[in-house]
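To keep things clear, I will list the structure first and then write my remarks on it.
In what follows, every chain begins at residue 1, and chains take the letters A, B, ... in the order their sequences are listed.
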Amino acid sequence: MKNLRFFLLDLGEKTTPHGSEIWLWGIDDHDRNVLVVDRSFKPYLYAIPKEDSPPATISAALRSSKTGYADALESSVEEKKLFGQIVKAVKITCTSTETLEAAAKHLSKRGLVQQIIGNDIRYSSLYLYDRGLIPCKWHETEAETLGTSPALTGNAYLSHSSPHPIAFKGIPRLRILAFSTVAFAEKGSPHASQDPVSVISVATSDAKVRSFSRSNESDHDIITDFANYLMEFDPDIVAGFESNRIGWPYLIERAQRSGATLGISRLGLQPHTSVYGHVSIAGRASLDMLDYANELPDIKVKTIENVAESLGIKLNAILPDQLDLAKTWNSPQDKPLLLRGADAYARAILETTERLLEFGMALSSLTCMPLDQVATAAVGHRVDSYLIKEAYQQGHLIPPRRDQVYERYQGAIVLAPHAGLHENVVALDFASMYPNLMILYNLSPDTLVSPTEDCDDSSCWTIEGLGFRFRKTPPGLYRNALTSLIAIRNEIKKGIQTKSLSDSERRVLQQQERAVKVITNACYGYAGWTGARWYAREVAESAAALGRKSITQVIDRCKETGIPVIYADTDSVFVTRDEAKVNSLLRWVSENLRMEIRPDKNYRRVLFTEAKKRYAGLLTDGTLDIVGMEVVRSDWSEIARKVQERVIDLVLRDGSPNNAKIYALNAIDQLRHGKTTVRDLIIWRSLTKPIEEYRVNAPHVQVAKEYLKLGRKLVPGDKIGYVVTKKGTKLYDKARPYFEVTSDEVDTEYYVSGQVAPAAARILGVFGISQDELLFGTQRPLP
DNA sequence: GCACTGAGATTACCC
DNA sequence: ACGGGTAATCTCAGTGCG
């Protein structure tokens, strides 16, 4: 018997002769990996009896039944909250998930229950919520050594009661393994059914890089070597790029076809696809860095090269294009490039993992989702999990997901901007507008008063214009959840202020703050999402209506006090900077709106066109702030974006368009003379659905069909890169895959009149300089 | 047959 | 597979003209 401390990394469930039990994987305080088995927690669900059947009949029905669930351990009646109602629920606990499932079926079939609650939550998740364990945090428990079995790596313990979290900070030393694979076909994309894996490169946190390269037609040996190498290194974290969708499924199928074994989990099992489409490896956290890249919206085309570049990670080699891999492999001279490329990718994935892990762990702890799941899970599911955890603590039942009817509702206000160049402007922002409104008006599905119910103004908020009413007390689920999120964030902020922090401690806190912010800001959208367990359109609609009212009041107050309003969107107002007037406005807001509005960005100059949601400013710190313009849009060519950025820069710094116009004319001239690389002309667009579902023949769709003809695999979400050539009339005829276009085929005139000129004219138009003037202008560029 | 027009499709952005 | 609001481009069918 010993007191065991461990950092919770992964967990699973297993049915053994002891019934269902929880397996916790972690790192102890001596950096050893441990398995802690908890047999003290059994799966359960709640049955809500029909009004005419007393709870006792449910217990009786279970006891009298002959099959399967005779082992129902207990059933007890509890009072629980469900959408603001108090319901009597029968808690049914079984020794195993299988018998619980059978018991649920039995009850449904007998027609004794109104609703069964909790059978759409996995046993292992239920365990975390119920017992209060926190992934990626330290725990403590009394445990005894469990006999090691050959299938287990590491030290196994049996805990005598459920472990509990302790206030022990820090992240243990984790063993990380990153891998990158190369597979190719003679033509097009490789298919696991026929094309072997040729290279597997592995980079580990002990700074070693190792590659395995196929020496014959079979990949049996390299998969085996990879698996052995992995088992020997025994990583806590295994990272890849696109590994959920491609890397692992491919390796798994290849292993199966070549007869190799890929039993790389800490139970000696193969990786498998699990919830949210993530690939799980028992006992290890399997992470896909593509999921993390999706948290970085500035990266438009999600490749490992781009992710590495944006994080400042140097790649000392890159792999050839997919379609050129076979050629490279078959050339003795070029073949080493594949190894070097794969090595470089594995290294980059390792470094990416090291950089982004803290955020993942922060998100994991906050939402109570295991590290490997949280990265892959969509925002809605993360909020879902966070709310489940909160709801548990407040005695709510967890409503099952249901099919909800989608109803559109009115959202935020966006003002038409005053077009032109403005000096000394400050953007004022409401601090967490929607979360605060949800807290202030107690907006929640469980506080929503039904239309038939009586409720006077002293006990209810009535939302102007909508008529929805919300009880002022008790606090609803959203108010509690958001209040606690805001409290956590303030606590973290305080921590960050601490002078004595080390860099790494500060970084951890910053990532925690980021995680809290993500979840806080997602709650409003979650409330209006039909997939949410706590979906309530009335809640989201009310928050939006209150938001409109708040921003309108600020705008009106500005007008009354003589502050020019240049633009406003949702929760921000752009006004001319007048220290005294603005300060008095801020005071007025905090005194009258029960909310805070804060100066956010300060502009020396800011330019608005007629369009909403698009502007460009020069901040007082000298940097450019470009919003919504072509510069920040991935579906415009690099050349158009570069020229527009320079035009913006010149206009804002000069305060006049003269130099910018000369520059633009010059840039167009250069382009017309072919002084541009094809690289700068690629236009990237996403495929959002399968090709055959497109109803109009857009350029990127046509090009995608060419990709397919070349044998490339495409799935929704893939980015199609194309360049417009001279051949053809319609744009979709002229567009060709970017990798097949040579510079002499480029339709330069399209890029002039369809890309660069419009992008430049968008800015210069504010000063009366038209696109035609740029296209046919008589003014010659400077010598 | 051709230029023009407006509706619809499509995507990526803002907050 | 978190919400609504928005700009912009291109296709495509319909229309008027000659």
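- Within the nucleic acid shown, A/Y434 has no heavy atom closer than 4.0 Å to any nucleic acid atom.
- Put simply, CG on A/D569 is 16 Å from P on B/dC13, counting in whole angstrom units.
- Within 4.0 Å (heavy atoms only), A/W636 reaches sugar-phosphate atoms of the nucleic acid but no base atom.
- Atom-to-atom, NE2 of A/H381 to P of C/dG3 comes out at 12 Å; the value is rounded to the nearest Å.
- Within 4.0 Å (heavy atoms only), A/V701 reaches no atom of the nucleic acid at all.
- Comparing C/dC2, B/dT11, C/dC12 against the side chain of A/A522 picks out C/dC2 as the nearest.
- Of the candidate nucleotides B/dT10, C/dC2, C/dC10, C/dC10 has the atom nearest to the side chain of A/P699.
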In sequence, state the C-alpha distance, the side-chain angles, and the governing distance for A/L624 and A/L619, and then conclude on side-chain contact (heavy atoms from CB on, under 4.5 Å). CA-CA 6 Å; A/L624 288 182; A/L619 296 168; over 6 Å; no
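- If you take CD1 of A/I597 and C1' of B/dC15, they are 14 Å apart, rounded to a whole angstrom.
- Within 4.0 Å (heavy atoms only), A/Y567 reaches no atom of the nucleic acid at all.
- Both tests hold for A/R594 against A/Y441: distance to the six-membered ring centre under 6.0 Å, angle to the ring axis within 45°.
- In this structure, a donor-acceptor pair under 3.5 Å is present between the side chains of A/T376 and A/D291.
- Using a 4.0 Å heavy-atom criterion, one finds that A/K719 contacts the sugar-phosphate atoms exclusively.
- The side chain of A/K300 sits closest to B/dC13 out of B/dC13, C/dC2, B/dT11.
- Picking from C/dA1, C/dT6, B/dC13 the nucleotide with the shortest atom distance to the side chain of A/K612 gives C/dT6.
- Closest to the side chain of A/K613, out of C/dA1, C/dG4, B/dA9, is C/dG4.
- Backbone-only contact: A/G628 has heavy atoms under 4.0 Å from sugar-phosphate atoms and none from a base.
- Here A/Y615 lies in heavy-atom contact (under 4.0 Å) with sugar-phosphate atoms only.
- Residue-level contact check: A/R762 touches the backbone only, with heavy atoms under 4.0 Å from sugar-phosphate atoms and none from bases.
- Checked against a 6.0 Å centroid threshold, the rings of A/Y738 and A/Y722 do not count as neighbours.
- An OP1 or OP2 oxygen of B/dT10 is reached within less than 4.0 angstrom by a side-chain nitrogen or oxygen of A/K689.
- With B/dC14, B/dC15, B/dT10 as the candidates, the nucleotide lying closest to the side chain of A/T570 is B/dC15.
- Distance A/L428 CG to B/dC15 C1': 15 Å, rounded to the nearest Å.
- A/I551 places its CD1 atom 15 Å from the C1' atom of C/dG4, with the value rounded to the nearest Å.
- In summary, the side chains of A/Q644 and A/R641 do not present any donor paired with an acceptor at a separation below 3.5 Å, with no hydrogens or angles considered.
- Picking from B/dC15, C/dC10, C/dC12 the nucleotide with the shortest atom distance to the side chain of A/L731 gives C/dC10.
- For A/R408, a side-chain nitrogen or oxygen approaches OP1 or OP2 of C/dG5 to under 4.0 Å.
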